[in-house]
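The structure appears right after this line, and notes come after that.
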Amino acid sequence: MSILNSPIKIGDLTIKNRLVMPPMATAKATDDGQVTKQICDYYHEKSFGGYIGLIITEHSYVNLEGKAGKGQISIADDTSITRLKELTTVIHENGTKVMAQISHAGGAANSETTGKAVYGASAYPMPKTGFIPLEMSLADIHKVIHDFTNASIRAKQAGFDGVEIHSAHGYLLNQFYSPLTNKRTDEYNAQTLNGRLKLHKEIIKSVRNAVGNNFPIAIRLGACDYMDGTTNA
Ligand SMILES: Cc1cc2nc3c(=O)[nH]c(=O)nc-3n(C[C@H](O)[C@H](O)[C@H](O)COP(=O)(O)O)c2cc1C
């Protein structure tokens, strides 16, 4: 059997092959972030036949301040759990495992969509837009850790097989990771790798405590800033 077709075990989770569909935003949620029938139909079509071992669903915001755009799925409060459960059921019935990508857009959010002030790692222009967010205080950072943790608990309650923490594409955790956007002078500063990854490690530790040892936690790390003009999409 080829490696591609052989099962892989992550903790107690067995994925039947190595085919993984990465998160791709459909932007078809309701205005308040509820999963719609269109979204369920889309993932039904993708998982039909059970050929894909694992689907990582599209980025879902852990709190309203972290919403990246219209039509994005919410995992920010308990009202989202019922329809997220419908989504995981559709995918599981087709024989595919499913993980939820959980995200905070940080300085890539915008007030028009969220109705909230926009906070990022630093009050420094975002490379793509030039927008200058407010710098997160330690209290803001603690709230973010709390919100990622609660989002993970909801993902588990909704039947997801694991979570993927989004730290790519210029969103909040990428802003902390990249020296281009992290100009902090506290212990989260970008002078050392430990500083750049401090928030990531705190989130992972908190999520792990909340979901137990047998729930896979993945992280999507945007490891390159692509400032040479190539895309990081
Ligand atoms: C329409 C669209 C939506 C996407 N949404 C997400 C997303 O929600 N989360 C994410 O991490 N990546 C997202 N991506 C990036 C994809 O997961 C993937 O990395 C990208 O399409 C490059 O794929 P490739 O490496 O196979 O070329 C999106 C890509 C596209 C085209």
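The basis for the numbers below is simple: all heavy atoms, side chains too, and nothing from hydrogens, waters or symmetry mates. Both counts, for ligands and for their atoms, begin at 1 and track the order of listing. Please read all numbers here as calculations on a predicted model, not as lab measurements.
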**Message:** For the residue pair Thr149 / Ser206, report whether a side-chain donor-acceptor contact shorter than 3.5 Å exists.
**Reply:**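 Yes, side-chain donor-acceptor contact under 3.5 Å.
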
**Message:** With no hydrogens and no angle check, just 3.5 Å: does a side-chain donor-acceptor pair link Thr192 and Asn194?
**Reply:**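 Looking only at side-chain atoms, Asn194 and Thr192 do not form any donor-acceptor pair under 3.5 Å.
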
**Message:** Does any part of the side chain of Leu173, heavy atoms only, come nearer than 4.5 Å to the side chain of Ile165, both counted from C-beta?
**Reply:**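 Of all side-chain heavy-atom pairs linking Leu173 with Ile165, at least one is under 4.5 Å.
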
**Message:** So if I count the atoms of ligand 1 from 1 in the order they appear, which ones are less than 4.0 Å from some heavy atom of Ala25?
**Reply:**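 Once the distances to Ala25 are compared, the set is 3 (C), 4 (C), 5 (N), 6 (C), 8 (O).
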
**Prompt:** If you count the atoms of ligand 1 from 1 in the order shown, which ones are under 4.0 Å from a heavy atom of Gln101?
**Reply:**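 By the 4.0 Å cutoff, the relevant atoms are 7 (C), 8 (O), 9 (N), 10 (C), 11 (O).
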
**Message:** As a check for students: among Met24, His166, Glu164, identify the option with a heavy atom nearest to atom 30 (C) of ligand 1.
**Reply:**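 Result: the heavy atom closest to atom 30 (C) of ligand 1 is in Met24.
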
**Asked** Taking both backbone and side-chain atoms of Pro22, is any N or O found less than 3.5 Å from an N or O belonging to ligand 1?
**Response**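 Among all N and O atoms of Pro22, none is under 3.5 Å from an N or O of ligand 1.
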
**Prompt:** Based purely on interatomic distance, does His59 place a nitrogen or oxygen under 3.5 Å from a nitrogen or oxygen of ligand 1?
**Reply:**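 It does: an N or O of His59 is found under 3.5 Å from an N or O of ligand 1.
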
**Asked** In Å, rounded to the nearest 0.5 Å, how long is the span from CD1 of Ile81 to OG1 of Thr88?
**Response**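 Going from CD1 on Ile81 over to OG1 on Thr88, the span is 11.0 Å.
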
**Prompt:** Which of these passes side-chain hydrogen bond (donor to acceptor under 3.5 Å, both in side chains) with Gln101: His59, Glu58, Glu164?
**Reply:**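 Output: one option passes, namely Glu164.
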
